[in-house]
Amino acid sequence: MLGLDKPDQGTIQQIIQSTAAWTAVFISLNALLLKQRSSSFNNRAVSLLHALVALVLCPAALNWQHPFSGYGQKTTDYQRVVMNISLGYFTYDMLCCLYIDLDFANVAHHFCTMLGLAVGVCNGVSGTELTFCLLLMEISNPFLHGRFLLKLVFAISFFVCRLLIGPVVVYYTWVCPSSPTIVKVGGIGIQVVSLFWFYKIAQIAIGKTSKQRSKLQ
């Protein structure tokens, strides 16, 4: 189905354990540590934690001397672990999107992301480009959960990572003959979603700027 090989038992267990762990963090925040906050706020806290985990783990999975090479090659054991951790997170967060906010745009984003990561862990290929894409997606997320000037930093990092560097990664994935077609199509899907989100970010920024100008007048 969808060009995916059947995952082995160890992979399934890791993803289930990761999903359970992220869910446990959310429940702990909701019921104990930040019980005075809304479920949406606590879900954002879990999202921030995942972003920080990805930013720590992903760089070690890449060859920084040649960041645009090694695509379509066999997924390493380390890359598999990193992707399983994130597959568990995206599984948890997709359920939260349906339960808390009913955010279908985020569900579509998570589905495309999970499909790509699933190729890396189930088919055992393209671990390099998939962990690179994961890193690029998560770099901007810590700034998303900040306020004031951090929102500007988020928009800039989102633009640079997803609209400048991201297309280069997608291009080299497309021209690589050994990268699976499903990974190539998934990359295009993520780029389309990123363009949509940047359009929304620009709309919000323009709207707030217009309001500030109206107040000054």
Side-chain angles (χ1 to χ4, degrees), residues 1-5 7 11-12 14-16 18-19 21-23 26 43-44 46-59 61-62 71-72 75 79-101 103-145 154 157-158 161-163 165-170 173-174 179-198 200-201:
M1 183 179 179
L2 297 176
L4 295 176
D5 293 341
T11 295
I12 295 175
Q14 283 188 8
I15 295 173
I16 292 175
S18 176
T19 304
W22 292 113
T23 303
F26 173 75
N43 186 45
R44 283 178 175 271
V46 178
S47 179
L48 174 60
L49 178 60
H50 170 259
L52 295 176
V53 169
L55 292 179
V56 170
L57 297 181
C58 287
L62 302 172
Y71 293 3
T75 299
Q79 290 168 345
R80 189 185 300 273
V81 170
V82 172
M83 289 188 285
N84 282 341
I85 290 172
S86 287
L87 271 170
Y89 164 75
F90 286 116
T91 301
Y92 145 79
D93 198 44
M94 187 166 67
L95 295 174
C96 276
C97 289
L98 293 172
Y99 174 71
I100 297 175
D101 298 322
D103 189 339
F104 291 110
N106 259 337
V107 170
H109 172 272
H110 286 7
F111 179 79
C112 289
T113 303
M114 291 169 68
L115 187 59
L117 294 177
V119 173
V121 298
C122 295
N123 294 26
V125 294
S126 294
T128 297
E129 58 263 44
L130 289 169
T131 49
F132 198 177
C133 288
L134 178 63
L135 176 63
L136 293 176
M137 286 193 299
E138 294 301 330
I139 282 177
S140 57
N141 278 345
F143 306 112
L144 173 63
H145 304 289
F154 159 71
S157 62
F158 187 103
C161 291
R162 301 202 190 188
L163 300 185
I165 303 176
V168 178
V169 176
V170 172
T173 300
W174 267 97
S179 285
T181 300
I182 193 172
V183 174
K184 298 177 180 181
V185 174
I188 293 295
I190 291 296
Q191 281 302 129
V192 171
V193 173
S194 294
L195 284 170
F196 168 78
W197 280 117
F198 189 75
K200 299 291 287 185
I201 292 169

When every non-hydrogen atom of Val125 is compared with those of Gly72, the smallest separation belongs to CB-O, 4.2 Å
dist Trp22:CH2 -> Leu49:CG (nearest 0.5 Å) comes out at 4.5 Å
Side chain to side chain donor-acceptor pair (under 3.5 Å) filter on Thr91, not counting sequence neighbours, yields none
Using side-chain heavy atoms (C-beta onward) and a distance below 4.5 Å, is Leu136 in contact with Arg162? no
Kindly determine whether Val53 and Leu57 satisfy side chain to side chain contact (heavy atoms under 4.5 Å, CB included), including the steps that lead there. CA-CA 6 Å; Val53 169; Leu57 297 181; 3.7 Å; yes
Minimum side-chain heavy-atom gap Cys133-Ile190 below 4.5 Å: no
Rounded at 0.5 Å granularity, tell me how far CG in Leu117 sits from OG1 in Thr75. 10.0 Å
Closest heavy-atom pair and its distance - Met83, Gly127: CE-CA, 4.0 Å
Write down the atom of Gln191, the atom of Val170, and the distance for their closest heavy-atom approach. CG-CG2, 3.6 Å
Thr19 side, atom OG1; Leu95 side, atom CG - distance, nearest 0.5 Å: 8.0 Å
Heavy-atom distance under 4.5 Å between the side chains of Asn141 and Leu48, does that happen here? no
Specify the closest pair of heavy atoms between Ser126 and Glu129, including all atoms of both residues, with the distance to one decimal. OG-OE2, 2.8 Å
Before giving the answer on side chain to side chain contact (heavy atoms under 4.5 Å, CB included), spell out for Leu98 and Val107 the whole-Å C-alpha distance, their side-chain angles and the decisive distance to 0.1 Å. CA-CA 8 Å; Leu98 293 172; Val107 170; 3.7 Å; yes
Answer whether the closest heavy-atom distance between the side chains of Phe132 and Thr173 falls below 4.5 Å. no
Rounded at 0.5 Å granularity, tell me how far CG in Leu55 sits from CG in Leu134. 9.0 Å
A side-chain contact here means heavy atoms from C-beta on lying under 4.5 Å apart; do Val46 and Tyr92 qualify? yes
In Å, rounded to the nearest 0.5 Å, how long is the span from SG of Cys112 to CE of Met137? 10.0 Å
About how many Å separate OG1 of Thr11 and CG of Asn84, when rounded to the nearest 0.5 Å? 5.5 Å
Using the ring of each side chain (for Trp, its six-membered ring), is Phe90 parallel, tilted or perpendicular to His50, with breaks at 30° and 60°? perpendicular
Where do Cys58 and Thr131 come nearest, in terms of heavy atoms and distance? SG-O, 3.9 Å
In short, Tyr89 meets Ser18 closest at the heavy-atom pair N-OG, 3.9 Å
Checking ring pair (Phe, Tyr, Trp, His ring centres under 6.0 Å) for the pair His109/Phe196: CA distance, chi angles, key distance, verdict? CA-CA 11 Å; His109 172 272; Phe196 168 78; over 10 Å; no
Could you tell me whether the side chain of Leu115 reaches within less than 4.5 Å of the side chain of Ile182, counting heavy atoms only? yes
